[in-house]
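Here's the structure we're looking at; comments come further down.
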Amino acid sequence: MLKIATWNVNSIKQREAACAAWLKQAAPDVLCLQELKCQTEGFPRGTFEDLGYNCAVLGQKSFNGVAILSKHPIDETITALPGDASDEQARYIEAAISLPGGGAIRAASIYAPNGNPAPSEKFDYKLAWLARLKAHAQTLLAYEEALALAGDYNIIPRAADVYNPAAWAEDALFRLESRAAFRRILHLGLTDAVMACDSRAGQYTFWDYQAGAWQKDQGLRIDHILLSPQALARLASAGIDRKPRSWDKPSDHTPVLVSLDL
DNA sequence: ATGGTAGCTGGGCTA
């Protein structure tokens, strides 16, 4: 069984120990990380290599930053989302991974822009970035491989994925433009793995640090794993591990996980 | 009620 996970850690330096602890207990084959908030050279590579993971890292000073950890060999890495050579934000990394027995899977770690306030230049950047992601996803789907696009999409797909939809109607995470952009990506032929297994409301992946959001379970489902048809055909289970959000000094996000029969 | 928290950085931005 191949386990692929995604986790926005909100600073890998603050979350290095938690990340190592979670890797030991959940033992994913692949972990996509977002919001490293460190430069590539500052990534605590040794900690993860000691646990048996290869690391592909795209860092940036202060903000953003994405990585892919893999127990299996990483053959090829792409460190930019095509479509805008002037975009310097570290929000996308993709790896082709060889599996034991001769198979392979392609995985991307995605950190989509937040986009608030909306409307604004930030919101325009979010929508443009999502359009680039759609174009690239179309390219990848043409390979007809097992593919997982995993990460923090900063999009609440449905009203059932937010504790108070009315309060979030004008937020960049829930605006119709954002949800439409997400839906256009799905319509290429990708499947939201958690929804494919269980479409109930309240499967949150993020709880704000403020106002006791975690204690009141006032969360959002904004972290997603999208699968190609070849990966979906092998989907065994998908879910959210809430435990790390309850730990001391947590990230505001918690991991999302899929198991594939590969 | 224009707060409240966290991280990076060294004042303000991002989320």
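Reminder, nothing fancy here: chain letters follow the sequence lines and each chain counts from 1.
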Is the shortest side-chain N/O distance from A/Gln89 to OP1 or OP2 of B/dT14 below 4.0 Å? no

Rounded to whole Å, how long is the line connecting atom CG of A/Leu220 with atom P of B/dA15? 15 Å

Length of the CD-C1' vector between A/Gln218 and B/dG4, whole Å: 13 Å

Who are the side-chain contact (heavy atoms from CB on, under 4.5 Å) partners of A/Ala96, not counting sequence neighbours? A/Glu76, A/Arg106

For residues 109-122 of chain A, which residues have at least one heavy atom under 4.0 Å from DNA chain B? A/Tyr111, A/Asn114, A/Lys122

Need to verify one output field. Residue with the more 5' nearest nucleotide on DNA chain B, A/Asn64 or A/Ile12? A/Ile12

B/dG3 and B/dG12: how far apart are their P atoms, nearest whole angstrom? 15 Å

From NE2 of A/His253 over to C1' of B/dA6, roughly how many Å is that when rounded to an integer? 12 Å

Could you state the CD-P distance from A/Gln34 to B/dT14, rounded to the nearest angstrom? 20 Å

Hydrophobic cluster identity match, A/Leu220 and A/Ile155, side-chain contacts under 4.5 Å: no

When the distance from CD1 of A/Ile222 to C1' of B/dT14 is rounded to whole Å, what number comes out? 14 Å

How close or far is atom P of B/dA15 from atom CG of A/Asp171, stated in whole angstroms? 12 Å

Closest approach to the side chain of A/Arg15, judged atom by atom: which nucleotide of B/dA15, B/dA6, B/dC8 is it? B/dA6

For A/Glu145 and A/Ser228, work out which heavy atoms get closest and say how close. O-OG, 2.7 Å

For A/Lys37 and B/dG7, what is the distance between atoms NZ and P respectively, to the nearest whole Å? 8 Å

Under 6.0 Å between the ring centres of A/Tyr204 and A/Tyr163? no

Would you say B/dA15 has OP1 or OP2 under 4.0 Å from some side-chain N or O of A/Arg91? yes

Identify whether the distance between the nearest side-chain nitrogen and carboxylate oxygen of A/Arg179 and A/Asp161 falls below 4.0 Å. no

Any side-chain N or O of A/Ser11 below 4.0 angstrom from OP1/OP2 of B/dC8? yes

Specify whether A/Trp214 and A/Trp207 have parallel, tilted or perpendicular ring planes, treating 30° as the upper limit for parallel and 60° as the lower limit for perpendicular. perpendicular

Run through the side-chain heavy atoms of Ile, Leu, Val, Met, Phe, Trp and Tyr, join any pair under 4.5 Å, and report what else lands in A/Val66's cluster. A/Leu2, A/Ile4, A/Val30, A/Leu58, A/Ile68, A/Ile74, A/Ile93, A/Ile97, A/Leu99, A/Ile105, A/Tyr111, A/Val194, A/Met195, A/Ile225, A/Leu227, A/Leu232, A/Leu235, A/Ile240, A/Val256, A/Val258, A/Leu260, A/Leu262

Quickly work out the A/Asp208 CG to B/dG3 P distance and round it to whole Å. 15 Å

